[in-house]
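What follows is a short report on a single structure.
Within every chain, numbering begins at 1; the chains are lettered A, B, ... in the order of the sequence lines, protein sequences first and strands thereafter. Everything numeric in this text was worked out from a predicted model, so none of it was measured. Just so you know, these numbers use all the heavy atoms, side chains as well, and skip hydrogens, waters and symmetry mates.
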Amino acid sequence: MKTLLEVSGVSVSFDGFKAINNLSFQIGKAEMRAIIGPNGAGKTTFMDIITGKTRADEGRVLWGDKSVSLLKMSEAQIARAGIGRKFQRPTVFEDQTVFANLLLALKKDRGPFSVLFYRQNAADTEKVAALAAEIGLTDHLARKSGELSHGQKQWLEIGMLLAQDPQLLLVDEPAAGMTPEEREHTTAILVEAAKTRAVVVVEHDMEFVRRLNCKVTVLHEGSVLAEGGLDHVTSNQDVIDVYLGR
Amino acid sequence: MRVFLLALAAILSLAPSLQAQSGSGNTPVQDLLQVHRALIEKGSRKSIAPAIDAIATSGLPAAQTVLQTWQSKDMWQREEDGLFFRAEEIAKKTYRLYDFDSGDAVGDYDKDALDQLKPNSGVRAMIGTALVVFQLSDPDPARRRDALDALQRDAEASHLAPLRASLEGETDPEIKARKEQLATLLTLRFGADDTARIAAIESISTDISLDARAALNMLLTTSREIAQGPVPQGVNVAAILTPGEDMPEAEAYAMLADKGLAPPRLSPDDIRNTLAAHIDGGKVGGVPLAALNTDAARATAYAALVEAGLAPAQPTEAAIKEALAAHTIYDAYAEPSAAVTAAAEDALAAIKTRVGLNQMLDLALDGISLASIFFLAAIGLAITFGVMGVINMAHGEFIMMGAYTGYVVQQLIPNYTVSILVALPLAFAVTFAAGVAMERLVIRWLYNRPLETLLATFGISIALQQIAKNIFGTQARPLTSPGWLDGAWVMNDVVSISYIRIAIFVLALTFLALFLFIMKRTRLGLETRAVTQNPRMAASMGINPDRVNMLTFGLGSGIAGIAGVAIGLFAKVTSELGSDYIVQSFMTVVVGGVGNIWGTLAGAAMIGFLQKGIEWMNPSNTLAAQTYMIIFIIIFIQFRPRGIIALKGRAAGD
Amino acid sequence: MTRQPFIARNPSLLIFLACLALFTLLVTVFSEAMGTGLISTSFVKTLGKTLCLCLVAIAMDLVWGYAGILSLGHFAFFGLGGYMIGMWLMYARTRDIVVTSMANAEIPPTDAEVISGIGNQIFGVVGSSDFPLIWAFSHSLTLQLILVVAVPGLLALVFGWLAFRSRVTGVYLSILTQAMTLALALYLFQNDSGLRGNNGLSGLQNLPGADAIPQATISLWFLWASALALALGYGFATWVVSGKFGSVLRGIRDDEARVRFLGYSVEGYKLFIFTVTAIIAAIAGALYYPQAGIINPAEIAPIASIYLAVWVAIGGRGRLYGAVIGAAFVSLVSTWFTGGQVPSIPLGFYTVDWVDWWLVLLGLSFVLVTLFAPKGIGGLFDLITDRQSPMRHGQDLGPDQGALQEKEADS
């Protein structure tokens with residue numbers, strides 16, 4: 001399998017505290033990966049580094065066929081390169097309608113001028129409608145997203161992520177605060193998405209991870225502790241000690 | 001020197017006649033006066049010098065009295081024999097005369113029998129100069145100092161000898177030092193030979209006083225001269241100027257023309273005036289008037305006038321070059337001795353280096369003092385904005401309230417020292433109360449809305465400013481500092497700092513210590529830090545965030561009030577006092593790094609020093625200094641967006 | 001979600017344009033120039049100036065209400081626009097005077113003499129007579145009109161690029177823009193800034209070559225021009241905020257990090273809107289100062305820019321008509337109060353003279369609006385249209401400092 005993202009030897013520290021310590025990680029082009037780890041293991045910081053929010057002190061982050069370094073790029077450039085991110089707390093534009101939110105995320109030229117002269121066309125409207133159907137918000141398109149329930153906002157954000165059509169999806173706790181039925185649907189969407197692109201899911205909920213049925217990476221104190229199938233890592237003594245054992 | 005010799009010659013030539021007259025009694029001064037009677041009676045500034053010099057250098061005990069009497073218009077002449085006396089009016093129109101030599105009264109006379117000598121101001125000044133010599137040895141130190149002042153203002157070669165002579169008997173060490181300095185300064189100007197003068201010059205090459213520099217500069221006075229051909233022999237040349245390099249050719253040529261050494265170059269105005277003077281039937285030199293609106297047409301017309309012999313020709317470029325080549329323009333020293341001027345140049349260069357160093361020191365002191373003012377104005381903000389994150393645009397108005405509190409207290413308590421001591425805590429109380437009221441009524445509703453806080457507090461700011469204007473009027477109110485803060489600590493002629501600035505510096509240090517103490521050592525400081533870092537956690541640990549916020553904001557505002565009193569002492573108290581400082585204060589906090597008092601200190605130091613530095617480079621323009629300062633800050637923030645001392649990592653609010 | 005025509009999506013635009021047209025028509029009919037004289041020429045000028053202030057308020061609303069950037073520098077751009085047009089007005093007018101006075105000379109003046117005469121006239125007050133470099137284009141209306149747009153636009157571009165690039169946001173950005181304004185004002189206060197120091201540029205109400213036309217007529221021209229500029233500005237702003245661009249702007253206002261992770265270069269958008277609004281402000285200024293007659297550096301002191309924010313806030317930010325209403329209301333009421341036409345209130349022990357107390361009233365009412373009526377005057381329209389704020393338990397609509405508050409938003 002060809003490598004899509006390669007992280008090697010990355011470290012970052014905040015005021016002496018090493019949040020990420022010589023971390024290396026790889027993911028292929030159409031692969032699902034779950035990342036688990038106790039609080040403070042560096043999961044969120046790891047995502048921050050990939051998406052450009054936090055600058056790494058050392059190491060390399062290479063992306064795509066051409067092995068471009070992401071470390072020099074801005075958040076927006078990284079997003080345009082094809083990395084989409086869903087935050088832990090649902091973050092949608094609450095003052096805007098569901099339709100506007102999805103339209104904003106739709107893969108298009110992001111330059112100010114082309115956005116200024118953008119005219120909405122039937123094809124885009126259809127794409128948005130299709131996405132809305134996929135995330136179950138067809139009836140809510142004209143509503144302001146701030147009025148949606150917590151779960152619906154999570155859906156909307158996943159919908160926005162899909163609208164961006166990224167090659168790599170970074171999903172932070174997608175199932176938090178969802179009912180069991182909603183989780184099932186979420187799993188389905190993510191598994192479907194992973195057929196054509198890479199998906200990295202950070203999750204606490206072991207049951208959810210099991211359902212994703214994918215390779216698992218365990219982070220601890222900023223580095224990779226173990227990697228493999230869920231059953232493989234859960235039987236790893238180190239993992240049991242630091243994570244499951246407590 | 002020449003005058004001195006003349007006087008000496010006069011005395012020597014008089015000696016026989018003095019002896020001849022002494023038979024009539026021991027009256028040497030009277031005799032001397034009689035010798036110069038004609039001059040004294042004439043009283044003309046132009047011709048009186050020999051008479052004054054003769055008396056001053058006579059060495060007679062009564063000479064000083066004579067000169068003083070003469071100067072104060074108390075010298076009278078008896079008409080019957082032409083003798084001079086000191087006169088005192090004992091009754092109306094009746095004067096008692098005293099003999100100069102003996103001091104005895106010689107009788108009472110009617111005014112009609114006497115002539116008062118009324119020396120004009122020029123003559124009196126000359127007498128004064130002559131008197132200086134006597135005063136140098138006067139028993140009264142104050143008069144000796146006056147004499148030295150007079151000498152310094154208006155020194156002459158003849159003063160050097162008596163000044164040196166008076167050194168011996170001088171007992172007051174301070175005056176003696178001054179005399180020695182003055183003697184050196186006189187020596188380097190009037191010394192007997194070059195060796196002595198050069199020695200004197202070298203001895204002051206470490207002296208940065210204004211007097212020394214003035215004396216050297218006087219030695220180095222130059223005048224710009226023109227010579228046909230090379231520089232004449234015997235001139236002490238400071239520099240030879242090449243036109244086009246050391247001075248513009250046009251200027252050099254204008255100099256030649258001024259001196260009549262070359263025909264002047266005609267300006268466009270000259271040409272126009274000449275043309276206007278030769279208008280002939282709507283034409284000048286054959287060119288119609290209407291066409292004369294270009295330089296080319298005017299040149300044609302003028303050429304025609306020259307052809308006709310009606311106007312002088314404009315010198316050609318070649319002629320100008322030739323004229324310049326034929327002459328030498330040079331700066332000549334007024335002092336003929338090249339050795340002396342060279343020594344003086346060296347000494348002045350050495351002094352300039354020293355002065356430069358001292359100026360740096362003075363600039364540093366200025367910078368420190370400006371920095372402490374900024375720090376004082378910003379320290380309250382360092383609490384409300386830096387620690388609490390509340391942006392208070394009315395902070396400047398709190399400073400103003402503090403200053404006005406000081407003013408009101410001074411109206412009630414006339415003793416300035418007491419009133420300042422009362423005003424400081426009172427200003428704190430007033431602005432503390434205002435701060436607490438504002439926090440309770442406005443700010444606490446807007447804690448997570450900094451932009452709205454900015455605008456709401458701006459509303460308060462304009463309201464407070466207008467209220468102050470309505471109460472105190474628009475004119476500046478004085479806040480007078482106590483007497484012991486007047487004056488300045490003078491290190492030398494270059495370095496000095498006023499006591500009030502020192503006081504502000506001390507106050508700024510005190511506040512720094514107070515701030516550190518409150519934040520690090522008191523319960524309030526601990527609670528403040530807890531509330532600002534994590535209000536929910538703090539609340540769950542039993543801290544009342546409302547109370548802490550209120551007190552902290554009050555504290556920041558109260559410090560602004562005290563700063564107001566301090567700033568009011570050197571700045572005029574107006575309703576705009578605060579707004580003059582508010583932007584700089586915010587800049588200080590932002591540049592220094594929010595949330596860190598050392599950052600504020602560093603920010604204040606940087607802004608203070610930089611502003612002084614820029615002012616030094618362009619001293620005429622403090623407005624420009626402020627402009628460049630702000631531009632610098634905007635660029636600085638590019639490189640350190642979080643300020644000089646930045647909090648790192650997640651704590652910084654990523 | 002089918003796409004409706006532009007006008008249908010923005011009904012307020014038509015209403016606004018109709019109101020503006022009616023207003024302009026009424027003022028024209030009742031003006032001195034048309035004979036009735038119910039509205040004095042000076043009041044026509046005041047109204048024309050108010051229209052310009054409405055235009056700059058729209059610019060402020062775009063940058064603050066929609067993009068969340070509380071700029072305290074937009075009045076500086078307004079003033080710069082005024083200076084740029086003022087340079088041409090002053091140059092051309094002085095040139096006319098100088099040429100007339102030199103026409104009597106026996107020998108006709110050369111161009112150089114005329115220019116030095118103009119320089120003497122203009123810069124005599126600051127003890128100079130040479131034209132500084134920045135006046136190089138002042139002889140040409142076209143070039144100077146280009147500068148009206150170019151100079152403030154370029155300043156905004158450079159400043160914005162520096163500020164946004166280093167990710168200065170929220171109050172820090174506000175303070176930085178305020179510093180920029182202060183720097184500019186201090187610079188212009190210098191005599192050697194080349195713009196006549198604190199004397200500023202004066203006599204701008206006299207159009208060169210229009211001496212024969214009475215001020216009453218000229219004031220109407222400017223009123224029309226201002227109304228046209230306001231109409232165009234309002235239309236442009238409506239177009240910008242109603243499309244996807246507006247959606248991005250609001251996204252930046254409420255949560256700029258999220259916009260960034262969607263792949264939009266937030267800095268580019270901020271820079272764009274900052275520069276465009278600076279240009280709108282400059283155009284408004286270029287129309288304002290010929291009506292005011294004089295411009296000096298005090299006009300662009302930081303406080304003026306804060307007043308601009310106050311107008312927008314009182315009118316209601318995030319809605320274009322709110323900005324217009326706020327600017328018109330506050331500036332007209334302010335003229336009324338400070339003009340001494342409002343009767344004083346005798347309290348027995350003290351008489352409240354509104355010339356002195358108006359600012360206190362304005363400041364305090366501004367605090368009240370911020371605290372209790374974040375929607376401002378514009379919020380009154382929600383009572384008619386029955387729009388309501390969402391129930392969010394006091395939560396803002398986004399994490400950023402410029403984000404809408406619960407009470408500002410509508411559901």
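Looking at C/Gln405, the atoms closer than 4.5 Å to chain B (heavy atoms on both sides) sit in the backbone and in the side chain alike. Of the two parts of B/Ala290, only the backbone, made up of N, CA, C and O, holds a non-hydrogen atom closer than 4.5 Å to a non-hydrogen atom of chain C. In this structure, the portions of C/Asp356 lying under 4.5 Å from any heavy atom of chain B include both its backbone and its side chain. Only the side chain of C/Trp64 comes within contact range of chain B, judged by heavy atoms closer than 4.5 Å. Only the side chain of C/Asp192 comes within less than 4.5 Å of a heavy atom in chain B; its backbone stays farther off. Both the backbone and the side chain of B/Leu451 come within contact range of chain C, with heavy atoms under 4.5 Å apart. Both the backbone and the side chain of B/Val442 have a heavy atom closer than 4.5 Å to some heavy atom of chain C. Contact of B/Leu292 with chain C is made through backbone and side chain together, with heavy-atom distances under 4.5 Å. Only the side chain of C/Asp396 has a heavy atom closer than 4.5 Å to any heavy atom of chain B. Interface remark: C/Arg165 contributes side-chain atoms only to the contact with chain B (heavy atom separation under 4.5 Å). Only the backbone of B/Leu441 comes within contact range of chain C, judged by heavy atoms closer than 4.5 Å. No part of C/Leu368 comes within reach of chain B, as not one of its non-hydrogen atoms sits under 4.5 angstrom from that chain. When heavy atoms are compared at a cutoff of 4.5 Å, B/Leu454 approaches chain C solely by way of its side chain, counted from C-beta outward.
From B/Leu455, atom CG reaches atom CG of C/Leu72 across 7.5 Å, with rounding to the nearest 0.5 Å. Here the CD1 atom belonging to C/Ile107 is positioned 8.5 Å from the CG atom belonging to B/Asn273, to the nearest 0.5 angstrom. Rounded to the nearest 0.5 angstrom, B/Leu464 CG and C/Leu359 CG are separated by 12.0 Å. Summarising the geometry, atom CD1 belonging to B/Ile633 is positioned 9.0 Å from atom CG belonging to C/Leu176; distances are rounded to the nearest 0.5 Å.
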**Request:** Evaluate side-chain contact (heavy atoms from CB on, under 4.5 Å) for C/Leu371 paired with B/Leu446, printing each intermediate quantity in order.
**Result:** CA-CA 8 Å; C/Leu371 285 179; B/Leu446 299 169; 4.0 Å; yes
**Message:** For a side-chain contact (heavy atoms from CB on, under 4.5 Å) check, start with the C-alpha distance between C/Thr370 and B/Arg449, then their side-chain angles and the critical distance, and finish with the verdict.
**Reply:** CA-CA 11 Å; C/Thr370 314; B/Arg449 305 291 308 173; over 6 Å; no
**Request:** Report the C-alpha separation of C/Leu182 and B/Thr627 in whole Å, then their side-chain angles, then the decisive distance to 0.1 Å, and conclude whether the side-chain contact (heavy atoms from CB on, under 4.5 Å) test is met.
**Result:** CA-CA 8 Å; C/Leu182 182 68; B/Thr627 311; over 6 Å; no
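For chain B, the option among C/Ser174, C/Ala403, C/Ser193 with the highest count of heavy-atom pairs below 4.5 Å is C/Ala403. With chain B as partner, the option from C/Gln190, C/Gln178, C/Arg167, C/Met180 having the largest number of non-hydrogen pairs under 4.5 angstrom is C/Gln190. Chain B forms more heavy-atom pairs under 4.5 Å with one residue of C/Pro108, C/Gly363, C/Ala183 than with any other, namely C/Pro108. Of the listed residues (C/Val310, C/Val168, C/Ile303, C/Leu362), the greatest number of heavy-atom pairs within a distance under 4.5 Å of chain B belongs to C/Ile303.
Here the shortest heavy-atom pairing between C/Gln401 and B/Pro450 reads CD-CG, 3.4 Å. Between B/Ala463 and C/Val360, the shortest heavy-atom contact is O-CG2, 3.7 Å.
In this view, B/Phe385 and B/Phe586, C/Tyr172 satisfy the ring pair (Phe, Tyr, Trp, His ring centres under 6.0 Å) rule, not counting sequence neighbours. For the ring pair (Phe, Tyr, Trp, His ring centres under 6.0 Å) test, residues two or more places apart in sequence or in another chain that qualify with C/Phe261 are A/Phe87.
Around CG of B/Asp269, the count of heavy atoms belonging to other residues, nucleotides or ligands within 6.0 Å exceeds 12. Heavy atoms of other residues, nucleotides or ligands lying less than 6.0 angstrom from CZ of C/Arg95 number 12 at most.
Taking non-hydrogen atoms and a 4.5 Å limit, the residue list of residues 465-475 of chain B in contact with chain C, ordered by number, reads B/Gln466, B/Ile467, B/Asn470. Within residues 157-164 of chain C, the residues approaching chain B closer than 4.5 Å by heavy atoms are, in numerical order, C/Phe159, C/Leu162, C/Ala163.
Within the 4.5 Å cutoff, the side chain of B/Met393 has heavy atoms near those of the C/Ile306 side chain.
For B/Phe458 and C/Tyr307, the gap between ring centers is short of 6.0 Å.
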